[in-house]
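Everything on this sheet refers to the single structure shown next.
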Amino acid sequence: MSSGITPFGAANPAASTPVAAVSGSIALGPFKRLSNEQLTERIEAIRRKLGPELLILGHHYQQDEVIALSDLRGDSYQLSQQAAASRDCRAIVFCGVHFMAETADILANRPEKLAERGGRRVTVVLPDLAAGCSMADMAAIEQVEAAWDDLGTVIDTNQMIPVTYINSAASLKAFCGRHGGIVCTSSNARAVLEWAFRRGRRVFFFPDQHLGRNTSLAMGIGQEEMPVWDPLAGELGGNSEAAIAGSRVILWKGHCSVHQMFQAAHVHQFRAKYPGIKILVHPECPREVNDIADISGSTSKIIQVVEAAPPGSQWAIGTELHLVNRLKKEHPEQEIHFLSPVVCMCATMYRINLAHLCWSLENLAAGSPVNIIEVDATTARESLVALNRMLEVK
Ligand code: 13P
Ligand code: SF4
């Protein structure tokens with residue numbers, strides 16, 4: 001089969017280390033001087049040239065101009081499914097953040113997919129390597145391993161199931177794979193915790209304390225059964241032996257700096273000003289907000305709820321600004337407000353712009369791909385165990 005994408009050869013010899021640039025690659029600088037119209041035209045040209053060999057995935061928090069050029073858009077769970085299902089593509093360009101590109105690499109290049117393609121890998125590209133996630137960075141594998149060992153001095157860790165939010169490094173997913181654990185997203189966290197409680201007495205949940213707490217509270221687990229593990233607090237993560245022994249869910253002290261900004265006071269202000277308004281939030285918001293919201297759900301759920309609402313509905317939405325602004329534009333028949341008076345946007349998602357997208361696509365088409373995300377074989381194999389469990393949970 002002829003391919004618009006020049007074979008990449010040994011473009012990425014260094015396992016999980018992203019390749020910033022390979023020799024002969026096209027420089028980024030000139031792309032930054034092009035207008036959005038020029039960039040869009042050039043991106044469209046590459047999309048036409050590469051056809052189904054190229055899959056551009058866009059997370060809901062991306063800027064409108066990036067979403068407009070994505071083949072598929074979705075939440076973290078949907079994008080993992082799409083990467084897992086990819087059939088004909090030779091390259092995935094991930095408009096999202098680093099952990100998402102890692103997950104796409106693991107799923108698109110899992111053994112059965114590689115066998116189907118005669119061993120050919122799908123190249124996964126993150127247009128800007130600085131697009132990380134501050135929450136994912138709050139749990140390092142060394143800290144999680146040390147915490148597990150520390151917990152083992154007080155409780156039987158064979159009876160504890162590690163659950164990592166998909167917003168985490170592949171090394172943490174691999175940890176879960178090795179220890180009978182699983183990955184969750186904001187759209188399946190409850191089903192995943194139920195899965196975990198069918199297999200163990202307690203759960204170690206990282207890195208987002210809020211998603212872990214909000215989900216566990218909704219399942220009837222008491223706040224007093226959820227100690228918070230602070231990796232910087234020394235022995236037992238700053239907890240007493242009794243707190244750990246009496247725990248059902250141990251929550252890692254991590255959070256999303258975007259969703260942490262929403263406060264209960266914002267909810268009260270909106271309700272006072274607009275009686276009857278509905279408050280719709282992402283479960284990465286703190287408990288104080290989540291508890292008093294009308295609806296809490298993943299980015300896709302937020303979209304579905306708004307799409308299904310009758311004209312004239314009033315909403316104050318607590319999630320990343322780009323998604324809320326897009327909903328406002330796409331649903332002029334409804335009255336949509338951003339829940340916070342201050343700008344809460346994900347600065348790292350925002351790093352993916354048309355200049356980086358165009359630059360990475362032109363390099364890809366020229367056979368000199370840049371910013372390849374390739375997880376090392378052992379981490380990928382162990383992560384896949386935990387990701388497959390997640391994909392199988394109904
Ligand atoms: P979802 O798209 O899974 O709702 O997650 C939101 C998020 O913060 C992604 O980083
Ligand atoms: Fe990470 Fe929060 Fe940005 Fe999502 S919104 S990528 S959790 S920092």
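Heads up: numbering here begins at 1 and tracks the sequence. The basis for the numbers below is simple: all heavy atoms, side chains too, and nothing from hydrogens, waters or symmetry mates. Remember, it's 1-based here, ligands and their atoms both numbered in the order they're listed.
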### Query
Do other residues, nucleotides or ligands put more than 12 heavy atoms under 6.0 Å from the CD atom of E235?
no
### Summary
Here the atoms of ligand 1 under 4.0 Å from any heavy atom belonging to D75 are 1 (P), 2 (O), 3 (O)
### Query
For ligand 1, is there an atom lying under 4.0 Å from some heavy atom of S186?
yes
#### Entry: Heavy atom of the protein closest to atom 8 (S) of ligand 2 (residue, atom name, distance)
S134 OG, 3.7 Å
### Query
In terms of heavy-atom contacts, does CD of E225 have more than 12 from other residues, nucleotides or ligands at under 6.0 Å?
yes
### Message
Does the Lys NZ or Arg CZ of R213 fall within the cation-pi geometry relative to F205 - under 6.0 Å from the ring centre and within 45° of the axis?
### Response
no
### Task
Measure up the F262 and F338 rings against each other and bin them: parallel (under 30°), tilted (30 to 60°), perpendicular (over 60°).
perpendicular
### Query
For ligand 2, which atoms have a heavy atom of N167 less than 4.0 angstrom away?
4 (Fe), 7 (S)
#### Entry: Ring centers of H179, W148 separated by less than 6.0 Å
yes
### Summary
Quick look: T185 vs ligand 1, heavy-atom contacts under 4.0 Å, and the answer is neither
### Query
Which protein non-hydrogen atom lies closest to atom 8 (O) of ligand 1, naming both residue and atom, and how far is it?
E284 OE2, 3.0 Å
### Task
Check the surroundings of atom CZ in F197: do more than 12 heavy atoms from other residues, nucleotides or ligands lie under 6.0 Å from it?
yes
### Message
Please report whether the ring centroid of F270 lies less than 6.0 Å from that of H266.
### Response
no
### Query
Going by the atom numbers of ligand 1, which of them fall below 4.0 Å from some non-hydrogen atom of S76?
1 (P), 2 (O), 3 (O), 5 (O), 9 (C)
### Query
Which residue holds the protein heavy atom closest to atom 2 (Fe) of ligand 2, what is that atom called, and what is the gap in Å?
C256 SG, 2.4 Å
### Y61 neighbourhood, listing ligand 1 atoms whose heavy-atom distance to it stays under 4.0 Å
6 (C), 7 (C), 8 (O)
### Task
Considering heavy atoms of the protein only, find what lies nearest to atom 10 (O) of ligand 1 and give residue, atom and distance to 0.1 Å.
N167 ND2, 3.1 Å
### Message
Any nitrogen or oxygen of T299, side chain or backbone, less than 3.5 Å from one on ligand 1?
### Response
yes
### Query
Is the number of heavy atoms from other residues, nucleotides or ligands under 6.0 Å of R199 CZ greater than 12?
yes
### Message
Does E41, at its CD atom, have more than 12 non-hydrogen atoms belonging to other residues, nucleotides or ligands within less than 6.0 Å?
### Response
no
### Identity and separation of the nearest protein heavy atom to atom 3 (Fe) of ligand 2
C346 SG, 2.4 Å
### Nearest non-hydrogen protein atom, atom 2 (O) of ligand 1
H59 NE2, 2.6 Å
### Task
Over all heavy atoms of both residues, which pair between I352 and D128 is shortest? Give the atoms and the distance, please.
CD1-N, 3.7 Å
## Note on the structure
ligand 1 to S298, heavy atom cutoff 4.0 Å, flagged ligand atoms 4 (O)
### Query
Taking side chain as C-beta onward, heavy atoms only, is M226 less than 4.5 Å from I250?
no
### Task
Could you name the option among H282, H259, M100 that has the heavy atom nearest to atom 6 (C) of ligand 1?
H282
### Query
Is atom 3 (Fe) of ligand 2 less than 2.8 Å from an N/O/S atom of C133, whether that atom is in the backbone or a side chain?
no
### Close approach of E284 to ligand 2, heavy atoms, under 4.0 angstrom
yes
